[in-house]
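Everything on this sheet refers to the single structure shown next.
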Protein chains: 2
Amino acid sequence: MDHIDRSLLARLQQDATQSYAALGQAVGLSAGAAHERVRKLRERGVIRRTTAEVDPAALGSGVLAYVMVESSAWMGESADAFAALPEVLEAHVIAGSASVLVKVRTATTEQLQDVLRRLYAIDGVSGTQATVVLETFFERPVDPTAV
Amino acid sequence: MDHIDRSLLARLQQDATQSYAALGQAVGLSAGAAHERVRKLRERGVIRRTTAEVDPAALGSGVLAYVMVESSAWMGESADAFAALPEVLEAHVIAGSASVLVKVRTATTEQLQDVLRRLYAIDGVSGTQATVVLETFFERPVDPTAV
DNA sequence: CCTTCTGGCCGAAGAGCATTCGGCACCTCG
DNA sequence: CGAGGTGCCGAATGCTCTTCGGCCAGAAGG
C-alpha cells in the first residue's frame with residue numbers, strides 16, 4: 001500500500017470506468033501492472049466494490065434527515081432491525097446521550113414521520129430526535145491521498 | 001424511469017463491473033438495449049458517476065464522528081471552507097439549534113481534535129459538539145426499488 | 001382509417017479492452 | 001553465491017463495449 005496504490009484508489013473513486021491503460025499511464029505503470037495492483041486491492045478488501053452512484057433526488061428522495069435514537073436497552077444487536085427500514089441509509093452506535101444515530105432519506109416529511117414511527121416500534125427504542133437537512137454542501141468519499 | 005431502470009440501477013449499485021449482456025439478461029433486455037438505458041441514465045444525471053468504494057479502515061481512518069457546528073452568522077456560503085478540510089466527508093446545513101452538521105473520519109481521536117480546532121477557525125463558527133461513533137451497523141446507498 | 005413520426009428494441013460487426021502468460025530485473029534471506 | 005519471491009513489462013487471445021441498420025408498436029395528425 002504505497003503512494004501508487006493510493007493514487008490508483010483516488011482515480012478509481014473519481015471514475016471507475018476508465019481503462020487500465022489510462023490508469024497505468026497516470027501513475028507510470030503498464031496496463032498489466034495497474035490491473036494487477038487493482039486486482040490485489042479488491043482481493044484485500046481495500047476496494048469493497050465498484051458501484052454506480054445514484055442521485056437520490058432522481059429517485060424521489062428529496063428529504064434528508066439525521067435521527068438521534070434514544071434507547072432504554074442495549075442496542076448492540078439491533079443492526080437487523082434498522083436495516084429492515086429501507087429509508088435508513090446508515091446506522092451507527094454512538095457515544096453520548098443518545099445511543100444510535102441513523103441517516104434517513106425519504107420523499108416527503110410525511111414519509112419521514114412514518115419512518116420515525118417505525119423506529120419507535122423497534123425493541124428498546126424510547127425516543128427519537130430528528131434533524132432535517134436544509135441544504136447539502138457536499139458528500140464525498142475518503143481521500144486516499146490525504147491519509 | 002420505469003421499473004426496468006430501477007432494477008438496472010439497483011444492480012449497478014451492487015456491482016458496476018458486470019457486463020451489459022449479464023445486465024440485460026437480468027432485466028429481460030438485449031445487451032444493446034441495456035447499454036442504451038444505462039447511457040441515458042448517466043446522461044440525465046441519475047447515475048452521477050461509477051466509483052470504487054474504498055474501506056476507510058484500510059486507509060487508516062478508523063475514527064468516525066459527527067459534529068454539530070454552531071455558528072453566530074449565516075453559513076450558507078461557507079461550503080468551500082468545510083470542503084477545504086479533507087477529513088470532512090459530508091457537510092449539511094440543518095434546521096435546529098446547530099447550523100451545520102458534518103461527518104468526519106480520522107485515524108485517531110487526536111486528529112479528530114485537530115479537525116475540531118480547524119472547524120473553529122472557520123469564519124462564523126462559534127462552537128462544536130462532536131459525537132463519536134462506537135460501531136457502524138451499516139452504510140448503504142439509496143434503494144432504487146423501494147421508492 | 002391510414003399515414004407519418006417517434007421511441008425503443010434487436011442482432012450483428014468492428015474496434016477496443018481485459019486478462020493472462022512468459023520473461024526479466026530486483027530484493028531478500030539462507 | 002544461489003534460491004525464492006515480488007513486481008513489472010510486452011504481447012496475444014478472447015471477450016466486451018459501442019455503434020449501426022432495420023424492425024415493431026404506439027402516438028399524432030390529416
**Request:** Check whether any side-chain N or O of B:K40 sits under 4.0 Å from OP1 or OP2 of C:dG7, and answer yes or no.
**Result:** no

**Item:** C:dA18 phosphate, OP1 or OP2, under 4.0 Å from A:H35 side-chain N/O
**Value:** no

Please state how far atom [atom1] in [X] lies from atom [atom2] in [N], giving the value in whole angstrom units.
X     : N      : atom1 : atom2 : value
A:D5  : D:dC8  : CG    : P     : 9 Å
A:Q25 : D:dC8  : CD    : P     : 16 Å
A:I4  : D:dC9  : CD1   : C1'   : 14 Å
A:Q18 : C:dG16 : CD    : P     : 18 Å
A:L12 : C:dA18 : CG    : C1'   : 14 Å
A:Y20 : C:dC17 : OH    : C1'   : 11 Å
A:D2  : D:dG7  : CG    : C1'   : 11 Å
A:M1  : D:dT6  : CE    : C1'   : 18 Å

**Prompt:** Looking at B:R39, B:R11, B:K40, B:R37, which hits salt bridge (charged side-chain N to carboxylate O under 4.0 Å, His left out) with B:D5?
**Reply:** B:R37

**Request:** Please say which of B:K103, B:R117, B:R105, B:R118 ends up in a salt bridge (charged side-chain N to carboxylate O under 4.0 Å, His left out) with B:E87.
**Result:** B:R118

**Asked** Considering residues, nucleotides and ligands other than A:Q25, do more than 12 of their heavy atoms fall under 6.0 Å from its CD?
**Response** no

**Prompt:** When we call it a touch if two heavy atoms are under 4.0 Å apart, what does B:R37 touch: a base, just sugar-phosphate, or nothing?
**Reply:** sugar-phosphate

**Message:** Heavy atoms from C-beta onward define the side chain here; which of C:dT19, D:dC8, D:dT16 lies closest to that of B:S19?
**Reply:** D:dT16

**Asked** Aromatic rings B:H92 and A:Y66: how do their planes relate, parallel, tilted or perpendicular, breaks at 30° and 60°?
**Response** tilted

